[in-house]
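Have a look at the structure below before the remarks.
In listed order, ligands and their atoms are each counted from 1.
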Amino acid sequence: MRHGGKGLTDRLNVITGATGLLGSHIAEHLRLRGERVRALVRPTSDTTFLKQLGVELVTGDLTKPAGLPGILDGADVVYHCAARVGDWGPWRVFQREIIDATANLLGACHAVGVGRVLHVSSIIVYGHPHLGDACFTEDEPLGQNLWLWDHYCRAKVRAEELCRQYLGELTIVRPSWIYGPRDRTTLPRLLKALDAGRVAIIGRGDNLLNIVYAGDVAEGAIRAANHPRAKGQAYNLSSEGEITQQDFLDLLVEELERPRIRRRVSYRLAYWGGFLSEVIGRMIRLRRPPHLTRYAVALVGRPTRFSIAKAREHLGWQPRIGVVEGLRRTLEWYRKDYLNRDHERAAFPTAVLASRLGGRTT
Ligand SMILES: NC(=O)c1ccc[n+]([C@@H]2O[C@H](COP(=O)([O-])OP(=O)(O)OC[C@H]3O[C@@H](n4cnc5c(N)ncnc54)[C@H](OP(=O)(O)O)[C@@H]3O)[C@@H](O)[C@H]2O)c1
């Protein structure tokens with residue numbers, strides 16, 4: 001297969017955020033296709049997995065633009081996955097690590113004339129539209145009904161605006177809730193909450209989740225970065241709602257050999273509880289997110305409403321890994337890799353989870 005006159009093995013892909021969840025899956029898929037991959041990593045990044053893949057590692061930081069053109073030189077495609085991901089922290093951090101980082105990267109891409117930029121955005125850019133029965137396409141206005149302290153959403157919207165001003169070839173993908181091996185954020189947070197007995201069903205529990213396997217999103221991103229029709233386009237890369245909140249939690253606790261979650265809390269109460277936790281967390285200057293936040297409530301409590309018809313039609317993409325298989329792979333990684341790191345294990349006071357998962361506890 002040849003692209004733009006180059007064989008796959010000659011094509012150079014540069015990935016930002018390759019040590020993270022999605023970036024690592026994109027790197028893995030590209031290496032499996034036989035393509036060259038160069039990763040921009042920070043001096044503090046854990047590069048163990050990338051080294052196993054045979055990825056070229058170049059040290060840099062998106063907040064320091066001076067070194068970027070050299071890192072991007074010769075790139076056919078730049079996958080921009082790096083970002084501050086999460087619902088906690090001061091605005092200046094989101095400004096620096098999402099908006100400024102994207103501006104710096106786009107400036108450098110333009111300077112060296114990379115072939116195509118694939119910008120990883122999020123369905124969060126739509127803000128918090130009133131759900132009803134609507135199914136949102138990529139034409140939905142961005143930034144609706146933003147919350148107080150909605151820093152992640154605001155920053156991702158602004159990053160997309162910068163992308164729209166970019167003069168070269170660029171494609172945007174908007175994934176929903178990504179899970180899979182190498183998730184350092186959401187799944188560990190959920191498992192810690194389970195470990196502490198803090199998880200409840202939000203609302204009736206019959207809402208279909210937006211959860212989508214990282215390998216599927218990686219495949220969609222690669223298709224979007226290479227398809228001629230995708231230039232200048234944006235694509236939702238979301239689940240179509242394969243599993244309900246209740247069934248997902250049942251599956252998770254079954255895998256962990258824990259009792260079924262029976263505690264319930266209304267969506268409204270959980271939302272306002274999350275808001276109150278955030279207010280208190282800000283007052284006492286919590287460095288980590290509080291146990292309950294509005295984002296966490298929305299993530300598990302709201303139904304899936306994002307159309308992937310455009311990605312299916314233009315790119316021939318749709319999620320392929322079912323949640324049973326995806327969760328099995330994720331927990332396997334979690335047991336083997338994540339919990340065996342000293343600093344991560346220390347965050348679980350009882351280490352009960354490790355033993356339930358069959359992993360080493362010492
Ligand atoms: N996770 C989700 O559910 C989800 C859903 C929708 C969209 N997204 C989007 O998908 C993308 C990837 O998310 P993810 O969950 O894979 O993120 P992640 O696991 O938190 O990884 C973030 C990556 O960004 C890197 N990074 C952060 N700041 C950087 C900087 N200043 N310079 C260079 N690298 C930097 C991190 O490097 P270190 O290893 O050095 O920390 C890490 O590799 C993000 O744009 C996110 O907004 C994620």
Step by step, would you call Q95 with R84 a side-chain contact (heavy atoms from CB on, under 4.5 Å)? CA-CA 9 Å; Q95 163 83 45; R84 164 69 169 220; over 6 Å; no

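- Residue contacts with ligand 1 leave out Y179, since none of its heavy atoms falls under 4.0 Å from the ligand.
- Residues satisfying the side chain to side chain donor-acceptor pair (under 3.5 Å) criterion with Y126, sequence neighbours excluded, are R174, N236.
- A donor-acceptor pair shorter than 3.5 Å cannot be found between the side chains of R116 and N13.
- Using a non-hydrogen distance threshold of 4.0 Å, T63 registers as a contact of ligand 1.
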Can you check side-chain contact (heavy atoms from CB on, under 4.5 Å) on Y166 and H110, steps first, answer last? CA-CA 8 Å; Y166 181 67; H110 186 249; 3.9 Å; yes

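- Looking at T244 and R204, their side chains never bring a donor and an acceptor atom within 3.5 Å of each other.
- Between R96 and ligand 1 there is no heavy-atom distance shorter than 4.0 Å.
- When each of R328, R329, R335 is tested with E332 by the rule side-chain hydrogen bond (donor to acceptor under 3.5 Å, both in side chains), just one qualifies, namely R335.
- Within the 4.0 Å heavy-atom shell around ligand 1 one finds S176.
- Using a 30° and 60° split on the angle between ring planes, H80 and H119 fall in the tilted class, from 30° to 60°.
- With a heavy-atom cut-off of 4.0 Å, I98 does not touch ligand 1 at all.
- For the residue pair T304/N210, the side-chain donor-acceptor check at 3.5 Å is satisfied.
- Within the listing of ligand 1, atoms 9 (C), 10 (O), 11 (C), 45 (O) sit less than 4.0 angstrom from a heavy atom of V120.
- Using a 4.0 Å cutoff on heavy atoms, P175 counts as a contact of ligand 1.
- With a heavy-atom cut-off of 4.0 Å, T19 touches ligand 1 through backbone and side chain alike.
- Distances shorter than 4.0 angstrom do not occur between any heavy atom of T186 and any atom of ligand 1.
- Every heavy atom of A214 sits 4.0 Å or more from the atoms of ligand 1.
- Counting heavy atoms only, S121 comes closest to atom 9 (C) of ligand 1 of the residues A218, S238, A159, S121.
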